[in-house]
Each structure stands twice: as structure tokens, then as C-alpha cells.
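Single-structure report; data block below.
First the proteins, then the strands, lettered A, B, ... as listed; each starts at 1. What you see below is based on every heavy atom in this structure, not just the backbone, and it leaves out hydrogens, waters and symmetry mates.
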There are 2 protein chains.
Amino acid sequence: MKIGEIAARTGVSIRSLRYYDQLGLLTPIRRENGYREYSPLAEEQVKTIQLYLNLGLSTEQIAGFLNCVLKNKEAFCQEVLPIYRQKLSEIEAQIHLLQNIKLNLEERIRSILDERQTSEAEE
Amino acid sequence: MKIGEIAARTGVSIRSLRYYDQLGLLTPIRRENGYREYSPLAEEQVKTIQLYLNLGLSTEQIAGFLNCVLKNKEAFCQEVLPIYRQKLSEIEAQIHLLQNIKLNLEERIRSILDERQTSEAEE
DNA sequence: ATAAACCCTGACATTAATGTCAGGGTCAAG
DNA sequence: CTTGACCCTGACATTAATGTCAGGGTTTAT
């Protein structure tokens, strides 16, 4: 499919898709006329790229990841493993923090509701 | 403590600390001479900010979190209830997203380790 | 009181990812 | 054949976080 279609499907801008191409992150084949031709598989890859970008990984790191998966080469995987582990522990810490914040908020909401209840009872 | 000391303690550059101050993310008091004076609590806050940044959150989002949790300790409770509820659902969504990412990462790590195991067994 | 080691602000530079615009092909429909 | 909807490349703009440098105060130790 052409670049416009995959952009529409994935919600990623045409500009970004060309950028990924330029970086070698996601390289479509070219038609006779020079148009980029994306395979259906590319759709999934674009979404993967977006997921990891949202995670805060750089395109460079993502390129390492894609190499690992596509070629299943251990050398690439070795490089990428510590990055994953690092991210994983960051994410675990993040989840933990957010859960604390959540408890805190729930507590506060409950106490507001309690207070409201109390003042209603007084009337 | 002065900015240089907290920079050394946290590993965050002086430049960044001044930037956080400028954005209202972490605002130290000022001495007579204009120097920034950080409380010991600030050290923990700086680390929290860094964690969020490493996760790919923007300073704006971080400011939202910090405001949600640190500010509005007790006053204005009634008015603040819908804000709390809003924040709570945002946080729940965030936790959910992170848990998905976590599962995804764990999966990746596992498959890399499997691969390694397999190729060792082949030899 | 002078030097070293800090601190301040302000301005410009940089990197990454993306937006946007210009100038110009391609193609299908009328 | 022309029009409109695509596509191409290239260049400049932008945003976020940070680096760096200039010009100028302050503090501390000798």
C-alpha cells in the first residue's frame, strides 16, 4: 500500500513515516515511479515503533530492537537486553509510584465524601 | 543546600535544575543574595522528576502529577473533588498502559533469553 | 585583598521527532 | 488534456530538554 494509506491506518503522519524510512527504521520497497510501497506487515511495525517511542526509547534503540526481532541475531539481542531491563525496572518503579498516588487520591476522595456525609447529617 | 550540591547529589545538571525552577516544576526559595536554596526534600523530588523524564513524560505532564499530589493538601476539598476524580482516572489509565508495556517488555526479554538458551544447546 | 570556586541571568547551540511549505512528478476521472 | 488527489525531495521551523558561553556578582580561604 502507499504511504498515505498506511498513515491513515496507523495514525502516524506521512512525515514521520518518511523519517523512519530515512533512518532505516522501516524501509518500504519502491515502485517504478519512486513511490514507497508498504507491505501489510508494515502496519504492525509502525504501531510497534510508536509504542516504543511513547515509552521514551529513541529511534536508534528501536532500530536495535527491530534488528533483533527480524534477524533473530543474538548479537543484536545482546545489545538490546540491558536496555529492556533498564526500561522494565523504570516502568516497575513508575507503576509503583502511580499506585501510591492512586491510593493517596482515593483516600482523599473518600475523606471528602465522608466529610460531606457528616455535614449533611448535621443539618 | 545550594544548587551545586543538589546537582552533585542527584546527578542532574545545574542547568536542568534551573530549568525546572523556571517551569515551576521545582521551585527553591531564594537567599538574600539571590542564590537558590534547596530543602533536603528536594533531592527526592529531583529523582522523581528524572524518573518521569526517563519514562518519556513531558515536564508538563510531570507538573500535572506533582500538582495533583503535592498541592491542594486539604483546602478547597469540595471544589477539588472532580479534579481528583479526573486525575484518578487518568492515573488508572496510565497504570494500565504501563502494565501492558511491562508485559510486552517481559515477553521480549524472555524470548531473547530463550533464543540464547537454544543456541547454547545447539553447540 | 586577591584568587578560586561558587552563584546569577541571558542568549545562543544542539538533538530528536515532527510540522510545514515549495517546486515538481504521477495517475485516474471527467 | 486538464484537474485534483496523490506522491517525491529538500529545506526551513518548531518543541523539549539540555549544553555552553559571556558578563558579572558572592563567598571562602589564604
Side-chain angles (χ1 to χ4, degrees), chain A residues 1-40 42-43 45-67 79-80 83 86-87 90 94, chain B residues 1-40 42-43 45-67 94 97 101:
Chain A
M1 61 191 135
K2 285 186 291 182
I3 197 171
E5 189 179 344
I6 196 168
R9 275 178 197 274
T10 59
V12 171
S13 73
I14 290 179
R15 176 65 174 84
S16 294
L17 291 170
R18 294 206 259 246
Y19 181 59
Y20 301 158
D21 185 6
Q22 181 186 327
L23 297 188
L25 245 175
L26 178 59
T27 309
I29 59 177
R30 295 300 186 117
R31 296 185 184 178
E32 286 288 324
N33 57 15
Y35 285 17
R36 289 173 181 81
E37 177 66 28
Y38 289 87
S39 85
E43 195 175 327
Q45 287 203 333
V46 171
K47 285 178 182 167
T48 302
I49 291 170
Q50 280 298 299
L51 174 70
Y52 286 93
L53 280 178
N54 285 336
L55 224 178
L57 294 178
S58 69
T59 49
E60 206 172 345
Q61 291 172 314
I62 296 170
F65 158 76
L66 293 181
N67 279 335
E79 279 173 29
V80 114
I83 297 173
Q86 155 95 20
K87 274 294 162 191
E90 283 175 13
Q94 166 81 349
Chain B
M1 61 190 136
K2 285 187 292 184
I3 197 170
E5 188 179 345
I6 196 168
R9 275 178 197 273
T10 59
V12 171
S13 74
I14 290 179
R15 176 66 174 84
S16 294
L17 291 170
R18 294 207 260 245
Y19 181 58
Y20 301 159
D21 184 5
Q22 180 185 327
L23 296 188
L25 245 173
L26 178 57
T27 310
I29 60 177
R30 295 300 185 117
R31 295 184 184 179
E32 286 288 324
N33 56 14
Y35 286 17
R36 289 173 180 81
E37 177 65 28
Y38 288 88
S39 86
E43 195 175 327
Q45 288 201 335
V46 171
K47 286 178 182 167
T48 302
I49 291 170
Q50 280 296 301
L51 177 67
Y52 285 144
L53 284 177
N54 284 336
L55 277 166
L57 297 182
S58 71
T59 49
E60 206 172 345
Q61 291 173 310
I62 296 170
F65 280 149
L66 294 184
N67 280 336
Q94 182 87 8
L97 179 67
I101 292 171

Taking distance alone, no hydrogens or angles, what donor-acceptor pairs closer than 3.5 Å link side-chain atoms of residues 18-27 of chain B to residues at least two apart or in another chain?
residue, atom, partner, partner atom, Å
B:Tyr20, OH, B:Gln50, NE2, 2.7
B:Asp21, OD2, B:Arg30, NH2, 3.4
B:Asp21, OD2, B:Arg36, NE, 2.7

- Item | Note, B:Leu17 side chain near B:Tyr38 side chain (heavy atom, < 4.5 Å) |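 Yes, close enough: below the 4.5 Å cut-off.
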- side-chain hydrogen bond (donor to acceptor under 3.5 Å, both in side chains) filter on B:Ser16, not counting sequence neighbours, yields B:Ser13
- Query: B:Arg9: what forms a side-chain hydrogen bond (donor to acceptor under 3.5 Å, both in side chains) with it, not counting sequence neighbours?
  - Reply: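 Testing B:Arg9 for side-chain hydrogen bond (donor to acceptor under 3.5 Å, both in side chains), a comparison that skips the adjacent residues, returns B:Glu5.
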Would you list the protein and nucleotides 24-26 of chain C atom pairs, both N or O, that sit under 3.5 Å from each other?
residue, atom, partner, partner atom, Å
C:dG25, N2, A:Tyr35, OH, 2.9
C:dT26, O4', A:Tyr35, OH, 3.3

- Item | Bounds of contact between DNA chain D and chain B, in 5' to 3' order, using a heavy-atom cut-off under 4.0 Å |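 Contacts span D:dA16 to D:dT27, reading 5' to 3'.
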- Members of residues 23-31 of chain A that approach DNA chain C, where some heavy atom sits under 4.0 Å away: none
- Scan residues 2-17 of chain A against DNA chain C and write down, sorted by residue number, each residue with any heavy atom closer than 4.0 Å; if none is found, say none.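 Residues of residues 2-17 of chain A under 4.0 Å from DNA chain C: A:Ser13, A:Arg15, A:Ser16.
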- Message: Please give me the minimum heavy-atom distance between A:Gly4 and A:Ile14, naming the atom from each residue.
- Response: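 Looking at all heavy atoms of both residues, the shortest contact is CA-CD1, 4.1 Å.
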- Item | Minimum heavy-atom distance between B:Ile6 and B:Thr10, given as atom pair plus value | O-OG1, 2.7 Å
- Message: Mind checking if B:Arg18 touches a base, just sugar-phosphate, or nothing, with heavy atoms under 4.0 Å?
- Response: base
- Residue pairs meeting salt bridge (charged side-chain N to carboxylate O under 4.0 Å, His left out), one or both in residues 45-59 of chain B, sequence neighbours left out, come to B:Glu43-B:Lys47
